[in-house]
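Just so you know, residue 1 is the first one in the sequence shown, and it goes up from there. Numbering of ligands and ligand atoms starts at 1, following listing order. Worth saying up front: this structure is predicted, and the values here are computed from it rather than measured.
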Amino acid sequence: MRFASTRNHAEQVTLSAALERGLAADGGLYMPTEWPQLAPSADPQDLPALALQLLQPFAAGDVLQHELPAIVREAFNFPAPLTGVAPGTPISRETTNVLELFHGPTAAFKDFGARFLAAALARLPRERALQILVATSGDTGGAVAAAFHRRERVEVAVLFPQGLVSPTQERQLTCWDANVRSFAVRGRFDDCQRLVKQAFADTELRERFQLSSANSINLGRLLPQMVYYWSASLTVQRRFGLPACFAIPSGNLGNATACVWARRLGAPIGTILLAHNANSTVPDYLRDGIFTPRPSIATLSSAMDVGNPSNLERLNALYPDAPALGGALLALSVDDERTRMRIREDFASQGRIWCPHSAVAAEGCARVRAASAAAGVWSVVATAHPAKFREIIEPLIGRPVPMPAALARLYERPVRCEQIEPTLQALKQSL
Ligand SMILES: *Cc1c(COP(=O)(O)O)cnc(C)c1O
């Protein structure tokens with residue numbers, strides 16, 4: 001299969017070219033040019049086998065085609081369980097379920113995409129080292145750093161807004177050595193994102209390095225994320241004979257785009273709800289029909305503090321205006337106060353500890369579920385482990401959040417980080 005820019009369908013590239021470039025030359029984002037109807041026969045619980053069947057059509061004809069079995073084995077080496085809302089209970093059609101995406105090395109869903117991208121890029125032949133630039137509002141940087149750490153011929157620079165990520169996230173961004181460097185940018189996430197964009201447009205840097213991005217604009221992050229939506233929706237369909245509906249904590253819309261793509265490829269998915277925090281650009285766009293990007297506002301769910309979501313361009317490529325998009329999905333905004341209440345309530349009544357992002361989706365799901373119950377069986381997509389945000393969660397639930405073993409290991413590593421001003425000049429000097 002070939003991939004085309006959202007802005008120009010004439011120029012089409014292979015999978016490996018799309019992964020390596022990140023952004024298309026015209027500034028657009030790569031999209032599949034075909035939507036085959038897929039009917040995977042693999043056990044939905046066997047993620048590597050399922051991923052291989054689902055992703056094969058996208059690698060067909062590419063140099064990565066024969067590497068795909070090894071890539072999916074590396075990327076999908078931890079589970080994405082679908083459980084009842086009370087931890088350890090089975091799924092049910094009457095209540096909300098939980099798709100747990102936080103069992104990877106940095107305890108956030110971004111591990112799936114980052115590990116797939118790293119495993120794929122590591123297998124591509126190249127003459128010069130690849131320089132990965134990644135702007136992060138918290139979780140992306142940790143997942144990308146962990147996935148690329150100590151890979152040969154790949155250098156990684158992680159840019160995060162100084163003082164605006166949680167202490168646990170900061171730890172995950174700065175505990176690396178060798179080929180991974182972390183930069184605390186004196187600015188906001190939008191400054192980090194702007195710097196990465198400017199670096200890509202800079203001729204001098206492009207001569208010095210082969211630049212690539214590992215942000216969710218990269219196709220290699222999105223394709224693997226379709227796999228857990230297939231896994232969960234096939235599980236629901238086999239169990240109840242109904243479509244699966246998902247409430248997705250959303251920021252830059254990479255996770256949501258993967259869900260929309262999975263549905264388009266034939267996954268038994270019903271309603272898709274984009275749950276945003278106070279950064280309500282997308283819900284406002286669907287309501288008013290006018291897209292107004294704005295600077296991001298800091299909230300409890302910091303990985304979703306995005307005022308101008310990049311992947312909206314991909315959603316608009318399939319659904320060109322607000323009425324069309326509004327027919328394909330729902331979107332709403334949840335403030336910090338309701339997020340805190342949801343965390344307290346669901347811990348008290350179910351024993352479920354949400355991270356702040358997942359709590360936004362849990363609250364959103366509670367709002368729409370009654371009206372949309374006929375559409376299928378609802379699940380909240382739990383995007384991060386609550387221990388990553390224990391500074392927020394512990395005061396709300398009044399007890400410590402147990403630390404998963406993978407996160408605890410990161411705490412044993414020494415910290416390494418450089419501070420830079422939010423200018424291209426400062427970044428160029430540091431690279
Ligand atoms: C990145 C992130 C999100 C938002 O995902 P997008 O793909 O940017 O919409 C939600 N929750 C957590 C925990 C994240 O790290």
Side-chain angles (χ1 to χ4, degrees), residues 29 98-114 117 134-147 158 160 164-166 168-169 172-173 189-190 192-193 213-226 228-229 246-262 272-277 279-283 296 299-315 329 331 333-334 339 343 353-364 380-390 392-393 407:
L29 308 182
V98 186
L99 176 57
E100 295 183 351
L101 301 181
F102 50 69
H103 296 284
T106 69
F109 82 96
K110 294 187 174 84
D111 283 323
F112 285 105
L117 182 63
V134 55
T136 184
S137 55
D139 286 338
T140 294
V144 168
V158 177
F160 67 95
L164 293 182
V165 301
S166 86
T168 310
Q169 283 177 320
Q172 288 181 22
L173 295 171
F189 170 64
D190 307 68
C192 301
Q193 223 172 9
S213 156
N215 279 98
S216 65
I217 54 168
N218 196 307
L219 183 76
R221 293 267 309 271
L222 295 200
L223 293 177
Q225 289 174 182
M226 296 191 298
Y228 47 73
Y229 288 113
F246 295 105
I248 306 175
S250 293
N252 223 4
L253 298 174
N255 203 4
T257 299
C259 188
V260 169
W261 286 8
I272 298 172
L273 170 67
L274 314 188
H276 290 266
N277 59 27
N279 292 276
S280 60
T281 309
V282 176
S296 58
T299 74
L300 290 179
S301 45
S302 52
M304 292 157 40
D305 292 348
V306 183
N308 184 8
S310 319
N311 281 296
L312 188 60
E313 185 164 336
R314 281 193 167 111
L315 292 177
L329 43 78
S333 161
V334 173
T339 306
I343 291 169
I353 309 178
W354 301 113
C355 85
H357 312 75
S358 312
V360 167
E363 172 65 14
V380 169
V381 178
T383 45
H385 192 285
K388 287 188 92 161
F389 304 91
R390 56 185 193 178
I392 295 169
I393 305 299
L407 280 190

K.L.:
So which heavy atom on N252 is nearest to which on Q193, and how close?
P.N.:
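Minimum heavy-atom contact is ND2-NE2, 3.5 Å.
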K.L.:
Please report which non-hydrogen protein atom sits nearest to atom 1 (C) of ligand 1, along with the residue it belongs to and the distance in Å to one decimal place.
P.N.:
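Going by distance alone, atom 1 (C) of ligand 1 is nearest to K110 NZ, 1.4 Å.
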K.L.:
Using a 3.5 Å cut-off on N or O atoms only, is G251 in polar contact with ligand 1?
P.N.:
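The answer is yes, given that G251 and ligand 1 share an N or O pair closer than 3.5 Å.
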K.L.:
For residues T339 and P356, report the shortest heavy-atom separation together with the two atoms involved.
P.N.:
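Closest pair (atom of T339, atom of P356, distance): CG2-O, 3.5 Å.
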K.L.:
Only heavy atoms of P249, strictly under 4.0 Å: list the atoms of ligand 1 that pass.
P.N.:
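That gives atoms 4 (C), 10 (C) of ligand 1.
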K.L.:
So, do D305 and N277 sit near enough that their side-chain heavy atoms are less than 4.5 Å apart?
P.N.:
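Result yes, sub-4.5 Å side-chain heavy-atom pair found.
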K.L.:
Within the 4.5 Å heavy-atom criterion, are N279 and M304 side-chain neighbours or not?
P.N.:
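Sidechains of M304 and N279: no contact.
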K.L.:
Within a distance under 4.0 Å of any heavy atom of M304, pick out the atoms of ligand 1 and give their elements.
P.N.:
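Those atoms are 3 (C), 4 (C), 10 (C).
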K.L.:
Please indicate whether any nitrogen or oxygen in A303 is less than 3.5 Å from any nitrogen or oxygen in ligand 1.
P.N.:
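Such a contact does not occur with ligand 1.
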K.L.:
Yes or no: does F102 have any heavy atom under 4.0 Å from an atom of ligand 1?
P.N.:
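Heavy atoms of F102 never come under 4.0 Å of ligand 1.
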K.L.:
Number the atoms of ligand 1 from 1 as they appear, then name those within less than 4.0 Å of a heavy atom of G254, with their elements.
P.N.:
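This gives 6 (P), 7 (O), 9 (O) as the contact atoms.
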K.L.:
Give the residue and atom name of whichever protein heavy atom lies nearest to atom 5 (O) of ligand 1, and the separation in Å to one decimal.
P.N.:
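Residue, atom and distance for the closest contact: F109 CZ, 3.5 Å.
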K.L.:
What's the shortest distance from atom 13 (C) of ligand 1 to any protein heavy atom, and which residue and atom give it?
P.N.:
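Residue, atom and distance for the closest contact: D139 OD2, 3.0 Å.
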K.L.:
So does S333 get a backbone contact from the side chain of H276, meaning a donor-acceptor N/O pair under 3.5 Å?
P.N.:
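Here the side-chain-to-backbone pair does not exist.
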K.L.:
At what distance, to the nearest 0.5 angstrom, does OG1 of T383 lie from CH2 of W354?
P.N.:
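It is 10.0 Å, given to the nearest 0.5 Å.
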K.L.:
Kindly say whether A384 contributes a backbone atom to a donor-acceptor pair with the side chain of K110 at under 3.5 angstrom?
P.N.:
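Flag not set: sc K110 to bb A384 has no pair under 3.5 Å.
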K.L.:
Would you find a donor on one side and an acceptor on the other, under 3.5 Å apart, between the side chain of N218 and the backbone of G220?
P.N.:
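Side chain of N218 to backbone of G220, a donor-acceptor pair under 3.5 Å: yes, one is there.
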K.L.:
Looking at ligand 1, does any of its N/O atoms fall within less than 3.5 Å of an N/O of T383?
P.N.:
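For ligand 1, there is an N or O atom that lies under 3.5 Å from one belonging to T383.
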K.L.:
As an exercise, identify every atom of ligand 1 less than 4.0 angstrom from a heavy atom of N255.
P.N.:
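Answer for ligand 1: 7 (O).
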K.L.:
Mark the output for S250 as yes if a heavy-atom distance to ligand 1 is under 4.0 Å, and as no if none is.
P.N.:
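Yes, that is the case, since the closest heavy atom of the residue is under 4.0 Å from the ligand.
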K.L.:
Does any part of the side chain of Y229, heavy atoms only, come nearer than 4.5 Å to the side chain of I272, both counted from C-beta?
P.N.:
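No; the side chains remain at least 4.5 Å from each other.
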K.L.:
Write out the residue and atom name of the closest protein heavy atom to atom 8 (O) of ligand 1, then the distance separating them to 0.1 Å.
P.N.:
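Atom 8 (O) of ligand 1 sits closest to the protein heavy atom N252 N, 2.8 Å.
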